Amino acid sequence: MRQLTLLIILGISLASLTAADYPPAQRHYWQVVQPILRKHCNEACHNADDNKGGLNLEKYDFIRRIQADGELFTDLMRQIEDGAMPPQGRPRLTPMEKDTLFTYIQKYLNDALSKPDPGLIPPRRLSRREYQYAVEDLTGHIFPAREYFPKDPSGGEGFDNYARTLYITPLLMERYMEAAEMIMEETACSVERWERVAPQANKKSLRPIVLWWKQLWGGDAAVTKTRRSVAKSILFPFATRAYRRILLPLEEQQLLNFFEEVYAQLPKDKYRFDHSIAEALKVVLVSPNFLIRQEGDQPAETPYLVNDFEMASRLSFFLWSSLPDDTLLQAAYHQELQNPKLLRQQVQRMLKSKKIKRMAESFATQWLDIDKLSDPSHSVDELKFPAYTIELEGFMQEEAVQYFYHTLTKSNNLLELLDGNYTFLNRPLAEHYGISGVDGLALRKVELDPGKRGGILGMAGVLTASSLPTRTSPVLRGKWVLEKVLGTPAKAPPPDVPELEAAKKTHEEMTLRELLVIHREDPACMGCHQEMDDLGFALENYDAIGRWRESYKPKLASIDASGTLKTGESFDGPAELKEVLKSKKHLFAKNLSQKFLGFALGRSINFKDYKTVQALTDTLLQEEFNATQFLEEVVMSYPFRYKISDPVVVEEDF
C-alpha cells in the first residue's frame with residue numbers, strides 16, 4: 001500500500017513538473033477554459049465516441065490546435081452566441097462561463113493572426129507531373145512519368161504537390177535511376193534533342209583536325225584542356241537549369257571529374273565524348289539537387305524573404321509545374337525577384353507562355369476531381385453505358401483543361417467557370433452532348449444553350465466523376481458543389497447509417513428523390529442531406545455520363561430538378577442553380593483563393609492564412625475575377641514570398 005501511495009505521489013509530482021514546463025497561457029487553458037468545453041460540448045456530443053456532426057473536440061488539448069482550426073472555433077462561438085449550441089435540452093452556459101469562453105478563445109485566435117506566419121514547408125521531391133515537365137524542358141524528351149512512377153498521394157488542399165507526402169523511398173530511387181538511363185538513351189538517339197542538350201557549335205574545337213593541331217603544338221595537356229572546356233560548356237548550363245541555381249565550385253569539379261573518369265574508360269571512337277557527356281548528365285538527373293525542392297534555412301526565429309533562386313523555383317513550379325527558364329534564372333542571378341515591380345513583370349511574362357496550360361491541366365483536373373476518371377478504381381457500367389469509351393473519357397478531361405486555360409488567358413475571367421455560355425468540343429464530345437455542326441477530333445470553342453450547359457457544372461467529365469458506375473448520385477453531386485464550388489464541405493456521415501442501395505431493395509418502386517427523402521428522415525442525416533441532396537437534384541437532367549435527359553428510363557418518370565438551400569434560395573434545374581451560385585460568388589472567390597494558395601505553396605491552408613485568403617478573395621471580387629491580377633496577388637502574397645526556418649534543421653545545421 002505504501003509503495004502504491006508513493007507511486008501515486010510520484011506520478012502527481014511528475015505531472016505537475018510536466019505541466020509547469022508549459023507557458024502560463026497553456027496552463028490557464030487546461031485549468032479554466034478547457035473544462036467549460038468539456039462540460040458543455042465534449043461530454044454529451046462532440047467526443048471521440050459520439051462525434052456528433054463529425055466534430056470531436058477532445059483533440060483540442062493545446063491552444064495551437066485551436067489556432068490551426070480558427071474558422072471552426074469562430075463558427076462554434078457564433079453558434080453558442082446564437083443559442084444553437086448546446087442543443088435544446090442540454091444545460092446552458094452560465095454568463096460567467098460564456099464570458100470566459102468567448103474572451104479566451106477570441107484571444108487565442110487574435111494571437112494567431114497578430115504575427116505573420118508564412119507556414120513551414122518541408123523539402124519535397126518533384127511530383128510525377130513536375131518531373132515529366134522538368135525532363136521535357138531540359139531535354140525535349142516527353143518521358144511518361146505518370147505511367148512509370150507510382151501515383152503521388154494528394155493532401156493539403158487536394159493536390160499532388162503536397163510537400164508532406166512527397167518523399168523518396170528506396171524503390172522510387174531505383175526507378176529514378178532507371179528513368180535517367182531511358183531518358184538519356186532517348187535523348188541521344190534524337191539528333192534534334194541531342195543538339196538541344198549538347199549543341200554542335202560547342203564541339204567545333206573537338207574536330208579531329210583541331211585536336212591534331214593542338215596535340216602537335218601543346219601535347220596531351222592541350223587536348224585535355226580543350227575537352228574539359230567543351231564538357232563544361234555542356235554540363236554546367238544543363239546542371240544549372242536542373243538544380244535551379246548557380247552551381248557550387250565543388251559540384252562543378254565533381255561533375256567534371258566524373259565525366260573524365262567515364263571518358264578514360266570508353267573506347268577511342270567518334271562517340272566517346274558524347275557517351276561520356278550522356279553518362280554525366282544521368283548523374284544530374286538522379287541528384288537530390290534535381291529531384292528535391294529544398295530551400296535553405298537561415299538561423300532566424302522570424303520569417304524572412306526567400307532568396308531569388310528559391311523565388312524563381314516557387315514561381316515556375318506554381319505557374320508552369322516545371323523548372324525556371326533561362327530568363328527567370330537570369331532575373332534571379334541579378335537579384336530582381338525581390339523587387340515587387342520586377343516580380344510582377346515576370347508573372348505577366350510567364351502567363352503569356354504556352355507552359356501556363358500545364359498549370360491549367362494540373363490544377364483543373366485535381367480541383368474538379370476529373371483526374372479520377374483515369375484512375376483504375378473508377379468505373380462506368382459498360383452494359384448500361386456502352387457509349388462511354390476511353391477515347392471519350394480523354395476528351396471529357398481535355399474539355400475541362402481547355403476551358404480552364406481559356407478563363408486563365410483568353411477571357412481572363414474566372415467567374416466564367418460558373419456561368420460561361422461556351423465550351424470546347426470535338427465531334428465525339430459534341431455528339432455526346434447532342435450538338436450538331438462540330439467536325440474533327442481537335443477541340444474548339446463552341447457556343448452553348450445556356451439553359452442546358454455552360455461552365456463546369458455542365459461538363460461531362462465533372463458529371464461522370466460525381467456519379468456511381470450504374471446511375472447518378474444527387475448526394476455525390478451535391479457534395480461536389482459544396483466542396484468544389486462553395487468551399488463549404490458537408491460533415492462526415494454518422495456511423496452505422498444505412499446505404500441508399502439497401503433502401504432501394506426495400507422500395508423498388510420509388511424514384512431516387514423519394515428514396516433520398518426516406519434516407520434523410522433520420523435527424524442525424526437531415527442537416528447535411530437537405531442542402532446537399534437538393535444541389536444534386538438540380539443536376540439530375542444529366543445522366544451518369546453527362547448526357548442531357550428529360551426523364552428517367554425505362555419508366556419515363558419525370559425528373560424533379562428543384563431544390564431549396566438553407567438560406568432560402570430556390571432553383572429548378574442547372575440554369576437556375578448557376579444563378580444561385582453566382583449570387584454566392586463571395587464563397588466561390590474564397591474557395592478559389594484557398595485552393596490556388598494551397599496549390600502554389602504545396603501545403604494545407606489554415607487559420608493563420610486567414611488574412612491572406614481574405615485579401616485574395618477581395619482581389620477577385622473587386623477586380624471582377626480577373627485571372628491575371630489574381631495570380632499576381634497570389635505570387636505577391638506574404639506566404640508565397642516569405643518562409644520560416646525549420647527549428648530542427650537550424651539547430652542541426654548551425
Side-chain angles (χ1 to χ4, degrees), residues 364-365 368-403 423-436 438-441 443 446 448-449 451-481 484 499-505 507-516 533 535-561 573-574 577:
T365 56
L368 300 176
D369 259 357
I370 59 174
D371 59 339
K372 69 184 286 186
L373 296 178
S374 304
D375 196 284
S377 63
H378 180 267
S379 64
V380 172
D381 191 292
E382 295 179 358
L383 295 178
K384 286 200 170 187
F385 304 103
Y388 188 85
T389 63
I390 295 297
E391 183 185 46
L392 184 64
E393 178 185 283
F395 295 146
M396 290 178 177
Q397 291 173 314
E398 184 60 23
E399 175 194 15
V401 173
Q402 289 270 40
Y403 190 95
T423 192
F424 290 81
L425 304 175
N426 59 8
R427 179 183 52 76
L429 198 52
E431 290 176 352
H432 188 71
Y433 287 174
I435 297 174
S436 59
V438 180
D439 298 318
L441 293 180
L443 273 69
V446 176
L448 297 173
D449 174 1
K452 290 186 176 181
R453 295 194 190 270
I456 56 178
L457 292 181
M459 291 184 179
V462 167
L463 296 161
T464 304
S466 56
S467 294
L468 296 172
T470 59
R471 62 168 176 82
T472 58
S473 172
V475 176
L476 291 179
R477 287 181 175 176
K479 181 174 179 286
W480 186 94
V481 174
K484 305 299 181 180
E499 292 290 336
L500 185 62
E501 295 301 329
K504 191 173 182 181
K505 292 176 182 177
H507 306 279
E508 284 285 350
E509 74 285 353
M510 289 188 172
T511 65
L512 192 55
R513 178 181 280 269
E514 290 169 335
L515 284 169
L516 282 168
D533 294 356
L535 287 167
F537 285 136
L539 304 175
E540 271 297 280
N541 282 111
Y542 304 112
D543 72 4
I545 57 173
R547 295 175 300 193
W548 184 265
R549 61 186 179 181
E550 298 291 345
S551 61
Y552 294 111
K553 294 179 180 180
K555 299 178 182 179
L556 298 179
S558 60
I559 291 174
D560 182 357
L577 174 60

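All figures in this text were calculated on a predicted structure; none of them were measured in a lab.
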Under the side chain to side chain contact (heavy atoms under 4.5 Å, CB included) test, residues paired with [X] that sit two or more places apart:
{"X": "Glu391", "result": "Thr389, Phe395"}
{"X": "Arg427", "result": "Glu431, Leu441"}
{"X": "Asp439", "result": "none"}
{"X": "Ser374", "result": "Glu393, Gln397"}

How about [X] and [Y]: do any of their side-chain heavy atoms sit closer than 4.5 Å?
{"X": "Leu468", "Y": "Ser473", "answer": "yes"}
{"X": "Leu457", "Y": "Pro574", "answer": "no"}
{"X": "Thr423", "Y": "Leu443", "answer": "no"}
{"X": "Ile559", "Y": "Glu550", "answer": "no"}
{"X": "Met396", "Y": "Leu429", "answer": "yes"}
{"X": "Arg471", "Y": "Lys384", "answer": "no"}

For this session: Check ring pair (Phe, Tyr, Trp, His ring centres under 6.0 Å) between Phe385 and all other residues, then give those that pass, not counting sequence neighbours.
Result: none

Exercise. What residues form a ring pair (Phe, Tyr, Trp, His ring centres under 6.0 Å) with Tyr403, not counting sequence neighbours?
Worked result: Tyr422

For this session: Quick one: do Trp480 and Ile456 satisfy side chain to side chain contact (heavy atoms under 4.5 Å, CB included)? Show the steps, please.
Result: CA-CA 11 Å; Trp480 186 94; Ile456 56 178; 3.8 Å; yes

Problem set entry | salt bridge (Lys or Arg N to Asp or Glu O under 4.0 Å) partners of Asp369, counting only residues at least two apart |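 For Asp369 the salt bridge (Lys or Arg N to Asp or Glu O under 4.0 Å) partners, ignoring immediate neighbours, are Lys484.
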
Excluding sequence neighbours, so at least two apart, what forms side-chain hydrogen bond (donor to acceptor under 3.5 Å, both in side chains) with [X]?
{"X": "Glu398", "result": "Lys357"}
{"X": "Ser377", "result": "Asp375"}
{"X": "Ser551", "result": "none"}
{"X": "Thr464", "result": "none"}

Exercise. Is the distance between the ring centroids of Tyr433 and Trp548 under 6.0 Å?
Worked result: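 Centroid separation for Tyr433 and Trp548: 6.0 Å or greater.
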
Using 0.5 Å steps for rounding, measure from the [atom1] atom of [X] to the [atom2] atom of [Y].
{"X": "Ile370", "Y": "His378", "atom1": "CD1", "atom2": "NE2", "answer": "11.5 Å"}
{"X": "Ser467", "Y": "Leu476", "atom1": "OG", "atom2": "CG", "answer": "7.5 Å"}
{"X": "Leu368", "Y": "Ser466", "atom1": "CG", "atom2": "OG", "answer": "10.5 Å"}
{"X": "Leu463", "Y": "Thr472", "atom1": "CG", "atom2": "OG1", "answer": "10.0 Å"}

Exercise. Are Val446 and Phe424 close enough, and set up right, to give a side chain to side chain contact (heavy atoms under 4.5 Å, CB included), and what steps lead you there?
Worked result: CA-CA 6 Å; Val446 176; Phe424 290 81; over 6 Å; no

Exercise. side-chain contact (heavy atoms from CB on, under 4.5 Å) with Tyr542: which of Arg549, Arg453, Arg547?
Worked result: Arg453

Exercise. Would Arg477 and Leu535 count as a side chain to side chain contact (heavy atoms under 4.5 Å, CB included) if you check the C-alpha gap in whole Å, the side-chain angles of each, and the deciding distance to 0.1 Å?
Worked result: CA-CA 7 Å; Arg477 287 181 175 176; Leu535 287 167; over 6 Å; no

For this session: Identify the two heavy atoms, one from Pro428 and one from Gly440, that lie closest to each other, and give their separation to 0.1 Å.
Result: CD-O, 4.1 Å

For this session: Taking all heavy atoms of Ile545 and all of Ala460, pick out the closest pair and write down the distance.
Result: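 Where Ile545 meets Ala460 most closely, the heavy atoms are O-CB, 3.8 Å.
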
